[in-house]
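Below is one structure, written out as structure tokens, with a few remarks after it.
Just so you know, ligand 1 is whichever comes first in the structure, and atom 1 is the first atom listed for that ligand.
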Amino acid sequence: MDRIRIVGGNALNGIIPISGAKNAALPLMIASLLTSDTLTLENVPHLADVELLLRILGNHGVDVAVNGRRERQSGSYARTVHFTCRTIVDTTAPYDLVSKMRASFWVIGPLLAREGKARVSLPGGCAIGTRPVDLFIEGLAALGATMEIDGGYIEATAPKGGLIGASYTFPKVSVGATHVMMMAASLARGVTTIHNAAREPEVVDLANCLNAMGAKISGAGTQTITIEGVTSLSGARHRVLPDRIETGTYAMAVAMAGGDVTLEDTDIALLDTAIEALRRSGAEISAVDGGIRVIGHGDAIRPVDIVTEPFPGFPTDLQAQFMGLMTRAQGVAHVTETIFENRFMHVQELARLGAKITLNGQTARIDGVQRLRGAPVMATDLRASVSLVIAGLAAEGETLVNRVYHLDRGFERLEEKLTRCGAIVERISG
Ligand code: UD1
């Protein structure tokens, strides 16, 4: 199993290219199941989760062609991927695939809308909490589908003649369930209105792509989304939006290690709340042409309290990284997680580096320390593991992050991007 070795203490200076967003690429790829034409996606990140989803889609009958090319001197590889699903050859998503990646459960929407049926395994447990699927079941049932659970699978069947548009209010905001409802309702008969929809930029990106395919969706990015069903969707070409979580992660790394870095191919407007928290912590952040410039001071970090919330609030996917930054704040900071239970596994690992953190329910109290010391640590989930990298960049001596396959799920060429900016980060294979 690969490990990442970090020798802390170097400031970061230079350019970091930001990849296409994993959390947008996954639903966009799944949308290719909705049409028999070719959907072309540009700026698809090269990540373990994307590769796995390619395999899952292949199972349902999607043909994939990839052109990779080096786009810029700073080393960003933007891949263009063509997806063609002439016919759906299998409407079952099996347990061994869905259990490896939760987002693959979302194929239930397009399979049901296009084929009238889907048999999709329940995703099962997850390191960051129970993460149920009740909202998907209720939402699709509102469109007229019969939803039954049998042998660990959801058997979904559309009424004769297809799904029927309806008005549905989500009792809780869910990114995944909003994606699935938009995809399913695009091919339903009549108009669907989704109330209390997720407002994440990735929802807007999916709506834009579906509209380019011929869907009639309005209101994405607000709490109410209206979808006028159409009888079929066509192919389209769409560019995946920049990864706001990767952007925020590197901005926090610079704030932590100090230095001056331009994050390229990204957009400051995607992460207002996180930028605001970073500025309050003392980082200087400005929009520049095609990106964001971050200047960090490393040793003068001010404590800032944050609470995770659905967009436009502070993203849960940046919570662990921000906590990493706060471990060296000059004072006490509080981090409250409201989206997922059990999303504090990084606390024990950060403590191994010398952080002082106490947990009280959903809130962590972080007493900033003057210095962290490198140590072997264990990556536990995707975002938690990158918080250990951030902390390692500012720790004295060597930090070894074990189980980095978690990082490879969501961060494209992390060690290369950091090394180019002067960090000492290397992958140890085997
Ligand atoms: C997506 C992102 C993930 C991010 C999360 C919150 C992808 C691949 N994943 O995950 O990185 O952390 O949004 O921004 O894009 N819930 C229910 N019932 C349901 C569905 C969800 O109770 O049927 C709950 C979840 O347990 C959680 C909350 O709703 O507490 C939000 O979940 P959701 O927005 O669905 O997260 P994901 O789409 O899984």
Checklist entry - Any nitrogen or oxygen of N23, main chain or side chain, under 3.5 Å from a nitrogen or oxygen of ligand 1? => result yes

Next on the checklist: So for R343, does at least one of its heavy atoms come nearer than 4.0 angstrom to any atom of ligand 1?
Outcome noted: yes

Checklist entry - For ligand 1, is A198 a contact, meaning one of its heavy atoms is under 4.0 Å away? => result no

Checklist entry - Is W106 close to ligand 1, meaning an N/O of one under 3.5 Å from an N/O of the other? => result no

Checklist entry - Would you say A103 has any N or O atom under 3.5 Å from an N or O of ligand 1, going by distance alone? => result no

Item to check | ligand 1 atoms in contact with F136 (distance to a heavy atom under 4.0 Å) | outcome: 20 (C), 23 (O)

Checklist entry - Are any of the N/O atoms in S174 less than 3.5 Å from those in ligand 1? => result yes

Next on the checklist: On the six-membered ring of Y153, is R119 placed so that its NZ or CZ lies under 6.0 angstrom from the centre and within 45° of the ring axis?
Outcome noted: yes

Checklist entry - Got a donor-acceptor contact below 3.5 angstrom from the S32 side chain to the M29 backbone? => result yes

Checklist entry - Taking distance alone, with no angle check, do V175 and ligand 1 share an N/O pair under 3.5 Å? => result yes

Next on the checklist: Please classify the K172 to ligand 1 contact at 4.0 Å (heavy-atom distances, strictly less than): side chain, backbone, both or neither.
Outcome noted: side chain

Item to check | contact_flag F170 ligand 1 heavy-atom lt 4.0 Å | outcome: no

Checklist outcome for this item: Contacts satisfying ring pair (Phe, Tyr, Trp, His ring centres under 6.0 Å) that involve residues 191-218 (not counting sequence neighbours) are none

Checklist entry - What residues, two or more places apart in sequence or in another chain, satisfy side-chain contact (heavy atoms from CB on, under 4.5 Å) together with A197? => result T178, I194, I225

Checklist entry - Would you say ligand 1 has an N or O under 3.5 Å from any N or O of L26? => result no

